[in-house]
Structure formats: C-alpha cells, structure tokens
Amino acid sequence: MTTQDLAGVFAAVARRLEPEPDLDRTVSRLVEAAIATVPGAEDAGVSLLERDKVRSIGPTSERVAKLDQVQHELCQGPCTDAAFEGDLYRSGDLKRDDRWPAFTVAATELGVVSMLAVRLYTERTVLGALNMYSGQPEAFDAASETVAEVFAAHAAVALSGARKQAQLVTALDTRDTIGMAKGILIERHHVDGERAFGMLVEASQHANVKLRDVAAWLIQEASGA
C-alpha cells in the first residue's frame, strides 16, 4: 500500500467515523471500518474503559465477545495490556506466546491464532483498546501495525466525541426528568421549586437511589395515577 493509497484510505475512514450521540452505533461503525482497513483483520471489537473497569462493546462475532470477556475477567490478554500498559500488542501465534498463558487457552479453543490490540487514547484520556483477531497465523505484520495505529488515532477522536455527545444527551434528559418531577411535587404539595428539589434529594438519599431514578419513578407513578 503506497502513501497515496493510505492517504485516501484514512480520508475515507475519517468521514465514516464522524461521532454520533449513540455510542454503540459509533463503535459498530468503527469495528467494521477496522476490518476493512487493517490488513489481516477478520474480527474486531473495542474494550471500553469506564471508571477503571473494562466493557466489551461492538464485537463483530460471538468469539470476539467471548474472548473480550475472558480478557476482562482474567485481567490478562493483548487488549487488557493495550488499555492499561502500552500502546500496541501483537501476537502471530498465541499458542506459542507465553505473555498471556490463561488467555491463550481460551483463544485457541475459539480458533483465534493471531491478535493485534491498539490503545485508543486522546491527549486527555485513555478510552480503551481496539482489538483485532484472525484465525490465521502471522496474520498481522509491521504494515498492519502502522495502519492500525493511524486508524486508532482517528477512531479515538470519533469515540471521544461520541461519548461526550452521549453524556450531553443523558445530562439533558436527566435535567428534563428532574424538572418534570419537580413540577409534580410543586402541584401536589404547593411548594416552590427549591423545596421540591430538596424533597427529591431527600428521597434519593433515604432510598439510596439515584436522583434521576427517583424523579423517573415519580413521573411514572403520577402517570399511572
């Protein structure tokens, strides 16, 4: 692949990975593009960091979903290391790779021979890892690494943007839900907005339930009534 070819590929990738407020949809597009772009990739998935925990998202097959889950449970494997330790991990024959002994047993049973895992990060945060799989030995080479690293840089920006948009949508939805619940309390108990919000907070603390969930329950209860 020439430099000109690569430039065209990544221009197309950048357009395809425009962030959306739906995080799952963004990741689905990301892994599909990874398989189409990175030489040797047959399957792909993303290990997403959420409050120091790892969640598998967007697996392109059942074996990817299972292997990602195994890595998270064992805290061992290329994607775990890419998310927490280094930028890139590659294995051409997992059977002979002694870096992740417990994980390689599961990978072999599911027919995965080669893996390439690349960290997804921006200047401000580590988002997780992009994981690519193949049933062929030595499926990934130095060219695959180069393409994967550049691809991951584009993907991390898209993923970061999608996460921020999703958080904004959630925040707006939460604000509207709490606003509706306050309105119900104001009407029922003839209190002002500040007191109504205080009542929601008190209920949340007493029940040990998130404020938004308390507000949603009140709206549902009022609708049923």
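One is the number of the first residue; the rest follow in order along the sequence.
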Does [X] reach the main-chain N or O of [Y] with its side chain, forming a donor-acceptor pair under 3.5 Å?
| X | Y | value |
| --- | --- | --- |
| Ser114 | Glu138 | yes |
| Thr146 | Ala142 | yes |
| Thr104 | Pro101 | yes |
| Ser204 | Leu200 | no |
| Arg55 | Leu48 | no |

Decide yes or no for [X] and [Y]: does some side-chain heavy atom of the first lie under 4.5 Å from some side-chain heavy atom of the second?
| X | Y | value |
| --- | --- | --- |
| Pro78 | Arg99 | no |
| Phe84 | Leu49 | yes |
| Leu120 | Val126 | no |

For Ser91 and Asp97, which I'm curious about, is there any donor-acceptor pair between the side chains at under 3.5 Å?
yes
Stepwise side chain to side chain contact (heavy atoms under 4.5 Å, CB included) check, Ile184 with Ile186
CA-CA 5 Å; Ile184 293 169; Ile186 289 169; over 6 Å; no
Assess whether atom CD of Glu50 is packed by more than 12 heavy atoms of other residues, nucleotides or ligands within 6.0 Å.
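Yes, the 6.0 Å shell around CD holds more than 12 heavy atoms from other groups.
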Any salt bridge (charged side-chain N to carboxylate O under 4.0 Å, His left out) involving [range]? Give me the pairs, sequence neighbours left out, ordered by first then second residue.
| range | result |
| --- | --- |
| residues 193-210 | Arg195-Glu202 |
| residues 145-155 | Arg90-Glu145 |
| residues 68-81 | none |

Under the side chain to side chain donor-acceptor pair (under 3.5 Å) test, which residues partner [X], sequence neighbours left out?
| X | answer |
| --- | --- |
| Ser134 | Glu42 |
| Asp141 | Ser144 |
| Thr60 | Asp43 |
| Ser47 | His72, Asn131 |

Could you state whether [X] and [Y] fall into the same hydrophobic cluster, counting links through intermediate Ile, Leu, Val, Met, Phe, Trp or Tyr residues with side-chain heavy atoms under 4.5 angstrom apart?
| X | Y | answer |
| --- | --- | --- |
| Ile219 | Met199 | yes |
| Val46 | Val54 | no |
| Tyr121 | Val27 | no |

Provide the closest heavy-atom pair for [X] versus [Y] in the form atom of the first, atom of the second, distance.
| X | Y | value |
| --- | --- | --- |
| Val118 | Ala148 | CG2-CB, 3.7 Å |
| Ala215 | Ile178 | CB-CA, 4.0 Å |
| Thr177 | Ala216 | CG2-N, 3.7 Å |
| Ala41 | Ile35 | O-CG2, 3.6 Å |
| Glu187 | His190 | O-CE1, 3.7 Å |
| Pro39 | Phe140 | O-CD2, 3.4 Å |

Contacts of type side-chain contact (heavy atoms from CB on, under 4.5 Å), residue [X], not counting sequence neighbours:
| X | answer |
| --- | --- |
| His206 | none |
| Val201 | Phe197, Gln205, Leu211 |
| Val113 | Asp93, Pro137 |

Not counting sequence neighbours, which residues clear salt bridge (charged side-chain N to carboxylate O under 4.0 Å, His left out) with Arg175? List them please.
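Applying salt bridge (charged side-chain N to carboxylate O under 4.0 Å, His left out) to Arg175 gives none.
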Please go through Trp100's hydrophobic cluster and name the other residues, only I, L, V, M, F, W, Y counting, with side-chain heavy atoms under 4.5 Å joining them.
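Joined to Trp100, directly or through intermediates: Val64, Leu67, Val70, Leu74, Tyr89, Leu94, Phe103, Leu110, Val112, Met115, Tyr133.
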N-O pairing of Glu221 and Arg188 below 4.0 Å
yes
As a quick check of understanding, evaluate side chain to side chain contact (heavy atoms under 4.5 Å, CB included) for Trp217 and Val209, giving each step before the final call.
CA-CA 11 Å; Trp217 175 85; Val209 176; over 6 Å; no
Applying side chain to side chain contact (heavy atoms under 4.5 Å, CB included) to Leu116 and Val38, what does each step give before you reach the verdict?
CA-CA 10 Å; Leu116 179 61; Val38 179; 4.2 Å; yes
